[in-house]
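Chain letters run A, B, ... following the sequence lines, proteins first, then strands; residues in each count from 1.
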Amino acid sequence: MDAPTSTTVSVQTEDFDISAEVERITSANREIGAVVTFTGLVREITGEGPITAMELEHYPGMTERSLREIVEQARTRWPLDAVRLVHRFGKLAPGDRIVLVIAASRHREAAFGAATFLMDYLKTRAPFWKKEHGVEGPVWVDARESDQQIAARWGRSGL
Amino acid sequence: MDAPTSTTVSVQTEDFDISAEVERITSANREIGAVVTFTGLVREITGEGPITAMELEHYPGMTERSLREIVEQARTRWPLDAVRLVHRFGKLAPGDRIVLVIAASRHREAAFGAATFLMDYLKTRAPFWKKEHGVEGPVWVDARESDQQIAARWGRSGL
Amino acid sequence: MQVRYFAWLRERVGTAAEEIEPGDAATAGDLVDALIARGERYALAFEDLSAVRVAVDQEMGDLDTPISGAREVAFFPPVTGG
Amino acid sequence: MQVRYFAWLRERVGTAAEEIEPGDAATAGDLVDALIARGERYALAFEDLSAVRVAVDQEMGDLDTPISGAREVAFFPPVTGG
């Protein structure tokens with residue numbers, strides 16, 4: 001599939017700017033009518049109590065590969081003008097941005113559908129692991145069973 | 001219902017900045033884990049061909065009231081930490097931002113659900129009208145039948 | 001009673017708002033009938049009632065919505081914002 | 001064959017990556033059995049296989065995935081990104 005230049009996946013320690021990322025996509029394509037963004041943030045209070053930091057580990061190489069596959073899956077399901085995925089790793093603090101998903105299309109149904117799908121797949125397929133530093137010391141975050149159930153609504157895929 | 005101060009509806013001619021609006025919401029609340037934004041843009045090419053401008057008319061007073069009602073509806077359906085609606089009116093050019101919806105919550109399901117709902121309701125309930133200026137002169141945009149069908153999935157409401 | 005028109009209804013009627021004495025019009029539909037009787041411009045504006053939406057005192061209604069006591073009735077096409 | 005461990009599997013095994021001779025291990029599950037035989041740390045890391053995920057050459061697989069010819073096999077807990 002011809003991936004337009006606006007499709008980009010980034011795995012980085014640096015923060016991102018939502019407006020700048022959206023602008024980069026929309027300034028290049030005046031046919032976009034709908035842009036949906038998802039931003040995931042480090043929550044200060046979790047099920048285990050307050051946390052002081054979060055560490056994100058990932059699998060270099062496989063991460064980028066799985067994110068690109070997730071984007072290609074979305075492109076086969078919705079007519080998208082642009083997709084952007086940014087996922088941070090390393091040490092983050094409460095309130096810090098973790099992940100950014102952008103889906104842009106002519107109409108909102110595709111943009112909403114794709115952004116939801118991208119997050120569902122990312123949550124269950126992309127090789128990232130979170131460790132929270134709280135009052136009881138560092139704890140690896142458990143995967144949410146509900147994330148698996150949510151992702152199942154999109155059916156089995158070859159990912 | 002206790003509407004937190006972060007719930008705000010704006011109807012304005014001025015542009016908006018997605019990052020600044022998101023930052024305003026998230027900097028005040030460290031329990032937010034998920035922020036979904038929707039941005040609607042003026043498309044250069046429509047079903048009728050290229051356009052040079054779009055005019056947005058609205059019903060001052062009723063507009064703000066209907067947007068606030070739409071927000072309250074969303075708050076009864078999802079656990080939201082913050083909602084923000086900005087809708088521009090007046091004369092816009094292709095590529096210009098028209099509308100911004102932000103829904104913030106602890107988890108992504110509520111943020112995605114509410115943002116989708118807010119746009120569906122806004123499209124069918126908020127008193128705005130678009131006039132496109134194209135090669136054949138100004139044309140009032142027809143309501144999309146599909147928008148009515150999409151909004152129907154949320155059931156009848158008292159709006 | 002203040003009667004307001006938006007979008008192409010406003011353009012066809014030729015005004016954005018006007019003070020109308022509702023007389024014995026009980027519903028928004030009755031008011032439309034009274035307006036059509038006022039002349040050509042109104043008849044053109046209201047020629048296809050399936051394309052006309054109504055708000056009474058800034059709340060969405062329809063042609064059957066009672067207007068007695070209302071301060072403001074508005075007519076407009078299906079909304080196209082967002 | 002390069003074997004990689006992530007998150008708490010990495011911590012329990014005590015290394016992020018190591019070169020392992022797979023011997024006659026045909027699947028990822030066979031490789032786990034061979035690793036467990038290497039000692040306590042591996043036994044602890046793989047004590048609950050329902051919590052272990054597998055990638056073979058950076059593609060998601062499972063314990064039944066063949067590893068013959070693979071350059072890299074990775075073991076990790078269910079992912080928690082996003």
Side-chain angles (χ1 to χ4, degrees), chain B residues 11 38-42 46 54-70 85-89 92 97-101 115-132 138-148 150-151 156-159, chain C residues 1-20 22 27-29 31-32 35 40-82:
Chain B
V11 181
F38 175 88
T39 307
L41 303 157
V42 179
T46 70
M54 172 179 280
E55 272 178 282
L56 265 150
E57 180 173 336
H58 79 112
Y59 185 168
M62 181 170 167
T63 309
E64 293 79 357
R65 181 183 190 140
S66 69
L67 294 181
R68 280 193 298 267
E69 284 174 349
I70 290 167
L85 291 188
V86 184
H87 205 302
R88 298 175 71 188
F89 65 95
L92 301 175
R97 284 172 279 270
I98 303 168
V99 61
L100 174 66
V101 164
T116 307
F117 170 89
L118 288 162
M119 277 309 300
D120 287 352
Y121 263 44
L122 197 154
K123 283 266 183 188
T124 54
R125 312 291 181 105
F128 287 95
W129 300 274
K130 287 175 182 153
K131 190 182 204 174
E132 291 173 345
V139 177
W140 289 99
V141 173
D142 278 329
R144 288 203 305 164
E145 178 58 33
S146 62
D147 282 330
Q148 291 293 334
I150 291 167
R156 278 293 292 168
S157 87
L159 281 192
Chain C
M1 169 183 293
Q2 181 85 350
V3 179
R4 305 180 69 165
Y5 310 97
F6 292 93
W8 52 257
L9 269 136
R10 171 179 55 70
E11 291 179 341
R12 291 189 188 177
V13 170
T15 186
E18 59 189 341
E19 201 60 34
I20 300 274
T27 66
L31 179 59
V32 168
L35 290 167
E40 191 67 21
R41 293 176 296 122
Y42 295 93
L44 181 64
F46 291 104
E47 70 180 353
D48 176 12
L49 288 178
S50 73
V52 174
R53 298 293 176 271
V54 182
V56 175
D57 282 340
Q58 305 193 355
E59 292 280 0
M60 283 288 188
D62 56 36
L63 293 172
D64 295 328
T65 303
I67 59 167
S68 78
R71 294 178 309 284
E72 187 171 301
V73 177
F75 297 103
F76 42 77
V79 301
T80 56

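Contact check for B/Glu69 versus C/Glu59: side-chain heavy atoms found under the 4.5 Å cut-off.
Residue C/Glu19 places its CD atom among more than 12 non-hydrogen atoms of other residues, nucleotides or ligands, all under 6.0 Å distant.
Close approach to chain B, defined as a heavy atom under 4.5 Å from one of its heavy atoms, is seen in C/Phe76, C/Pro77, C/Pro78, C/Val79, C/Thr80, C/Gly81, C/Gly82 of residues 75-82 of chain C, taken by number.
With sequence neighbours excluded, the residues forming a ring-ring contact (aromatic ring centres under 6.0 Å, His included) with B/Phe89 are B/His58, listed by chain and number. Judged as a salt bridge (Lys or Arg N to Asp or Glu O under 4.0 Å), and not counting sequence neighbours, the contacts of C/Arg4 are C/Glu72. A search for side-chain contact (heavy atoms from CB on, under 4.5 Å) contacts involving C/Pro66 returns nothing, not counting sequence neighbours.
B/Pro60 touches chain C through backbone and side chain together, each having a heavy atom under 4.5 Å away. Of the two parts of B/Asp142, only the backbone, made up of N, CA, C and O, holds a non-hydrogen atom closer than 4.5 Å to a non-hydrogen atom of chain C. Contact annotation for B/Lys131: only side-chain heavy atoms (C-beta onward) come within less than 4.5 Å of a heavy atom of chain C.
B/Tyr59 OH to C/Phe6 CZ: the interatomic distance, rounded to the nearest 0.5 Å, is 5.5 Å.
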